[in-house]
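The structure under discussion appears below in the form of structure tokens.
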Amino acid sequence: QVQLVESGGGLVQAGGSLRLSCAASGRTFSNYGMGWFRQAPGKEREFVAAISWSGSSTDYADSVRGRFTISRDNAKNTMYLEMNSLKPEDTAVYYCAAQANFLVTMNPSRYYYWGQGTQVTVSS
């Protein structure tokens, strides 16, 4: 089992920045590829970014590429999502997730550990 806890969400104005963290406990964090997903009210959960177990490979949704940066610190068992130039359409609950079968993947069904989510609200 891997337990994941997100933090760092909040209310920010458009154009602002936030840094989300995902703290992992349980099994060896560095064995897992990680991902960030988000879900806005009335919408499907969507992929945001993913990172391989070593951090050497990353992938981003087109909607966030160039604005968001995913990273991880295996010594601290923590993954991050640096979000810059935030837009109102980035408003959602953000979830971190872990999987051990793929280098990086944007498919949420391939992740089997999920955090409880953290709310990000971007005002216009």
Is there a side-chain contact between V104 and F102 (heavy atoms, below 4.5 Å)?
-> no

Steps toward side-chain contact (heavy atoms from CB on, under 4.5 Å) verdict (T69, M83) = CA-CA 7 Å; T69 302; M83 305 186 295; over 6 Å; no

Restricting to pairs with a member in residues 39-53, which pass salt bridge (Lys or Arg N to Asp or Glu O under 4.0 Å), not counting sequence neighbours?
-> R38-E46

So if you build clusters from Ile, Leu, Val, Met, Phe, Trp, Tyr with side-chain heavy-atom gaps below 4.5 Å, do V48 and Y95 land together?
-> no

Pairs in or reaching into residues 110-122: which pass salt bridge (Lys or Arg N to Asp or Glu O under 4.0 Å), with residues at least two apart or in two chains?
-> none

Between N107 and S109: side-chain donor-acceptor atoms closer than 3.5 Å = yes

To the nearest 0.5 Å, tell me how far I70 CD1 sits from C96 SG.
-> 9.5 Å

Those residues at least two apart in sequence (or on a different chain) that pass ring pair (Phe, Tyr, Trp, His ring centres under 6.0 Å) with F37 are F47, Y111, W114

To the nearest 0.5 angstrom, please state how far the OG atom of S123 sits from the CG atom of L86.
-> 10.0 Å

List for me each residue that meets side-chain hydrogen bond (donor to acceptor under 3.5 Å, both in side chains) alongside S124, sequence neighbours excluded, and say none if there are none.
-> none

Indicate every side-chain donor-acceptor pair of residues 72-82 with a distance under 3.5 Å to a residue at least two apart or in another chain.
| from | atom 1 | to | atom 2 | distance (Å) |
| --- | --- | --- | --- | --- |
| R72 | NE | W53 | O | 3.4 |
| R72 | NE | N74 | OD1 | 2.8 |
| R72 | NH1 | Y32 | O | 2.8 |
| R72 | NH1 | S52 | O | 2.8 |
| R72 | NH2 | F29 | O | 3.0 |
| R72 | NH2 | Y32 | O | 3.1 |
| R72 | NH2 | N74 | OD1 | 3.3 |
| D73 | OD1 | A75 | N | 3.1 |
| D73 | OD1 | K76 | N | 3.3 |
| N74 | ND2 | W53 | O | 3.0 |
| T78 | OG1 | K76 | O | 2.8 |

Residue list, side-chain contact (heavy atoms from CB on, under 4.5 Å) with R65, at least two apart or on another chain = D59, Y60, D62

For E89, enumerate each residue passing the side-chain hydrogen bond (donor to acceptor under 3.5 Å, both in side chains) test, keeping only those at least two apart in sequence or located in another chain.
-> none

Partner residues of R27 under the side-chain hydrogen bond (donor to acceptor under 3.5 Å, both in side chains) criterion, sequence neighbours left out | none

Should V93 and M106 be counted in the same cluster of Ile, Leu, Val, Met, Phe, Trp and Tyr side chains packed under 4.5 Å apart?
-> yes

Under 3.5 Å donor-acceptor pairs involving side-chain atoms of residues 8-20, not counting sequence neighbours:
| from | atom 1 | to | atom 2 | distance (Å) |
| --- | --- | --- | --- | --- |
| S17 | OG | N84 | OD1 | 2.8 |

Would you indicate whether the side-chain heavy atoms of M34 and Q99 approach each other to under 4.5 Å?
-> no

Indicate yes or no: at least one non-hydrogen side-chain atom of Q3 is less than 4.5 angstrom from one of Y113.
-> no

Distance-only, no hydrogens or angles: does the E6 side chain make a donor-acceptor pair with backbone N or O of T118 under 3.5 Å?
-> no

Is any side-chain heavy atom of Q119 less than 4.5 Å from a side-chain heavy atom of Y94?
-> no

Is Q116 reaching over with its side chain to a backbone N or O of V5, donor-acceptor style, under 3.5 angstrom?
-> no

For S71, what residues pass the side-chain hydrogen bond (donor to acceptor under 3.5 Å, both in side chains) criterion, not counting sequence neighbours?
-> none

Indicate whether any N or O donor in one side chain lies under 3.5 Å from an N or O acceptor in the other, for S56 and S54.
-> yes

Side-chain contact test, heavy atoms from C-beta onward, threshold under 4.5 Å: evaluate it for V2 versus Y112 and give yes or no.
-> no

Contacts satisfying salt bridge (Lys or Arg N to Asp or Glu O under 4.0 Å) that involve residues 91-108 (not counting sequence neighbours) are none

Which pairs with one or both residues in residues 41-70 pass disulfide bond (SG atoms under 2.5 Å apart), sequence neighbours excluded?
-> none

